[in-house]
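Counting begins at 1 with the first residue of the sequence.
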Amino acid sequence: MTRLLIINADDYGLTEGIARGILRAHRHGVVTSTSVLAVGPCVRRTARWLADEPALGTGAHLALIGVDPPVLTSREIPTLTTRRGGFPRDWRAFLSRASAGRIDPADVEREFSAQLERLTGECGLRLTHLDTHQHLHLWPPVSRVFVALARRWRVRAVRLPSSRARGPKGAGIRHLSGRLARRTSAAGLLNPEAYAGLDEAGRLTLPRLMTTIDRLAASGAATVEINCHPGEGCDDAARARYSWGFHRAGELAALTSRELRDRIARHGFRTGTYADLPDPAGRPSPA
């Protein structure tokens with residue numbers, strides 16, 4: 001049985017070095033799909049490069065956190081911004097506000113819609129899928145908006161993140177992932193059956209990628225996503241703004257290696273995009 005493997009690179013548009021690395025990992029490696037960050041400082045400039053890569057699936061990497069400003073003003077989305085006028089810096093700060101009831105879902109809808117308008121309008125992208133920066137669509141109030149917008153924008157596939165980590169954090173993520181799976185299924189949206197990348201974020205160098213491929217192959221899942229973060233340019237000064245500690249150059253080297261390509265083929269995977277996910281209802285993929 002041939003199985004579908006989607007290798008999706010996040011953060012396209014964050015810096016030029018990251019965008020170049022993703023394109024290199026597609027042209028010379030196994031990356032088949034990317035998620036574009038509408039609030040990324042380089043998104044308008046680098047989105048033009050995607051026109052030369054028709055085989056690279058493109059999705060929206062919707063953001064509610066980070067050091068880059070939202071598309072809308074703080075007056076338009078007051079519950080999503082801090083006193084400095086920007087997003088909360090990370091998922092912990094966002095969930096602290098959300099748990100206290102300080103996030104208005106209507107603000108989430110407005111900002112996500114503005115980001116989708118930027119990507120499809122200004123940047124001219126055709127979206128194969130939706131996901132979120134730091135997986136905030138796992139959080140139920142965000143997931144409700146996220147799923148509704150996927151349907152409204154006629155994007156038929158979304159990411160379903162999960163975790164294999166032990167302890168309360170891993171258990172919590174798996175619980176939220178199960179809830180999200182039920183919500184997306186009820187809405188008629190598609191997800192790969194298996195996923196990896198949340199636990200391994202920024203550290204998918206070759207040994208770990210090989211192990212991940214082996215594990216996913218052993219799962220028997222017919223459709224799989226691996227979520228990665230390649231990039232190039234050790235002197236990419238813009239990356240100093242993002243203190244995530246990701247090994248982007250190491251991921252790029254792994255994703256362009258012959259060893260990884262051979263391992264994928266050995267397990268009988270064919271690589272593709274979210275547009276290649278089979279629809280159990282028999283609906284055709286968007287043209």
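- Remark: the backbone N or O of Phe87 is paired with a side-chain donor or acceptor of Arg84 at under 3.5 angstrom.
- Panel note: side chain Arg203, backbone Ala201; a donor-acceptor pair is recorded below 3.5 Å.
- No donor-acceptor pair under 3.5 Å is formed between the side chain of Gln115 and the backbone N or O of Leu62.
- The main-chain N or O of Arg126 is found under 3.5 Å from a side-chain atom of Thr58 such that the two form a donor-acceptor pair.
- Side-chain atoms of Ser162 do not come within 3.5 Å of backbone N or O of Arg174 as any donor-acceptor pair.
- Although no hydrogens or angles enter the test, the distance criterion places a donor-acceptor pair under 3.5 Å between the side chain of Asp107 and the main chain of Thr79.
- Under 4.0 Å is where a charged nitrogen must lie from a carboxylate oxygen, and between Arg208 and Glu200 no such pair does.
- Between Tyr195 and His135, the ring planes lie perpendicular to each other; the angle is over 60°, past the 30° to 60° tilted range.
- In this structure, the side chain of Tyr274 does not engage the main chain of Asn191 through any donor-acceptor pair within 3.5 Å.
- The existence of a salt bridge linking Glu76 and Arg110 is excluded, since no basic side-chain nitrogen approaches an acidic carboxylate oxygen closer than 4.0 Å.
- At least one donor-acceptor pair closer than 3.5 Å links the side chain of Thr223 to the backbone N or O of Glu193.
- Cluster membership for Ile22 and Leu252, using ILVMFWY side-chain heavy atoms within less than 4.5 angstrom, is not shared.
- For Arg215, the CZ atom is densely surrounded, since the number of other residues' heavy atoms within 6.0 Å is greater than 12.
- Taking the six-membered ring for Trp and thresholds of 30 and 60 degrees, His267 and Phe269 have ring planes more than 60 degrees apart, a perpendicular arrangement.
- A distance-only check finds a donor-acceptor pair linking the side chain of Asp90 to the backbone of Ala93 [under 3.5 Å].
- Formation of a donor-acceptor pair under 3.5 Å by the Ser33 side chain with backbone atoms of Thr273 is not found in this model.
- Of the charged side-chain nitrogens involved, at least one lies within less than 4.0 Å of a carboxylate oxygen, so that Arg152 and Glu109 count as a salt-bridged pair.
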